[in-house]
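From a predicted model like this one, the values you see are computed outputs, not experimental measurements. Lettering follows sequence order; numbering is per chain, from 1.
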Amino acid sequence: MSSISPKTIIPKEFYLQDPVKLAPKLLGKIFVRKLGDIYLTGKIVEVEAYRGKDDEAAHTYNGKTKRNDVMFREGGFLYVYFTYGMHFCANIVCGKKNEGSAILIRAVEPIDGINIMEMNRFGKTELPYSRRKLLTNGPAKFCSAFAIEKKDNGLDLTKEPIFLLKGEKILKNEIVTTTRIGIKKSVDLLWRFYIKDNPYVSKK
DNA sequence: CCACGGATTGGCT
DNA sequence: GCCAATCCGTGGA
């Protein structure tokens, strides 16, 4: 895989932005998770912004609780929550302390450690290529493939074992802006962003 | 204390 | 397309 040095890790300041501004900038970034001696990596291809204060769909809308505590930190932490009795979803906390904003990672394009991801998701590897995109084309699928769970909640994203790398520049005209998925409140906000025509996006 | 339902997924119809 | 699976945070009694 491409070289990883502390220098190439995306710094703290990057995360201290408004979620709706930051979300499209996360597209094309490389999500890295160190697992034992190996690195699982993937290009972020789909995200959703959840903003504190004015967003009824955000977990933080009704104030601080044990579950959403990490979301009230300043930007640069990983917020992981458990849902539907069986799935985890991962978010990148952003903005100022006590703002309560985060960006849900909905899909990545697998790069390194694909056989490990296959093991994590399906318990076996060397799956047909046609099943490749099923690895990470959804928020809970991504967490399963990258072995992200409750214990990863609150990790500092500026160091191992989980951080982001710069990746490739995504042009404005390659980004699709649309409504978020699976929520019942604030359904009209155009706060979902994905890379146009990327096969790993969860839903058009 | 208890009942509800969710930022989902996958299997079956 | 429909719906069960399965946990636990949250909110109302």
Check: Who are the side-chain contact (heavy atoms from CB on, under 4.5 Å) partners of K12(A), not counting sequence neighbours?
Finding: E74(A), F77(A), T158(A)
Item checked: Start and end of chain A contact along DNA chain C [non-hydrogen atoms, under 4.0 Å] -> dA5(C) to dG11(C)
Check: Remaining members of L190(A)'s ILVMFWY cluster at a side-chain heavy-atom cut-off under 4.5 Å?
Finding: none
Notebook entry, point to check: Given the P atoms of dG1(C) and dA7(B), what is the spacing between them in whole Å?
Noted result: 22 Å
Item checked: salt bridge (charged side-chain N to carboxylate O under 4.0 Å, His left out) pairs, two or more places apart, involving residues 162-171 of chain A -> K43(A)-E168(A)
Side-chain donor-acceptor pairs under 3.5 Å in residues 133-142 of chain A, sequence neighbours left out?
residue	atom	partner	partner atom	Å
T136(A)	OG1	V108(A)	O	2.6
N137(A)	OD1	K141(A)	NZ	3.0

Give the table of side-chain donor-acceptor pairs shorter than 3.5 Å for residues 194-204 of chain A, with sequence neighbours excluded, one pair per line with atom names and distance.
residue	atom	partner	partner atom	Å
N198(A)	OD1	Y200(A)	N	2.8
N198(A)	ND2	E109(A)	OE1	2.9
S202(A)	OG	E46(A)	OE1	2.9
S202(A)	OG	E46(A)	OE2	2.9
S202(A)	OG	R106(A)	NH2	3.3

Next item on the list: Using only heavy-atom distances, determine whether the side chains of D112(A) and T41(A) contain a donor-acceptor pair under 3.5 Å.
Entry: yes
Margin query: Dot-bracket for DNA chain B, please. Rules: Watson-Crick or G-U, both distances under 3.5 Å, ( ) within the strand, [ ] when a pair crosses earlier ones, | for another strand, . otherwise.
Written below: ||||||.|||||.
Note to self: Among residues at least two apart in sequence or on other chains, which ones pass side-chain hydrogen bond (donor to acceptor under 3.5 Å, both in side chains) with D152(A)?
What the structure shows: R33(A)
Next item on the list: Take atom P in dC2(B) and the same atom in dT6(C), then report the distance between them in whole Å.
Entry: 23 Å
Note to self: Treating primed atoms plus P, OP1 and OP2 as sugar-phosphate and everything else as base, which nucleotides of nucleotides 1-12 of chain B get B, S or - for protein heavy atoms under 4.0 Å?
What the structure shows: -----BBBSS--
Donor-acceptor pairs are to be reported for all side-chain atoms of residues 21-29 of chain A against protein atoms at under 3.5 Å, with residues two or more places apart or in another chain.
residue	atom	partner	partner atom	Å
K25(A)	NZ	Q17(A)	OE1	2.6
K29(A)	NZ	K25(A)	O	3.0

Margin query: Taking side-chain hydrogen bond (donor to acceptor under 3.5 Å, both in side chains) as the definition, give me every residue that meets it alongside D54(A), ordered by chain and number, with sequence neighbours left out.
Written below: R51(A)
Next item on the list: Mind checking side-chain hydrogen bond (donor to acceptor under 3.5 Å, both in side chains) for T179(A) and listing every partner two or more places apart, or none if nothing turns up?
Entry: none
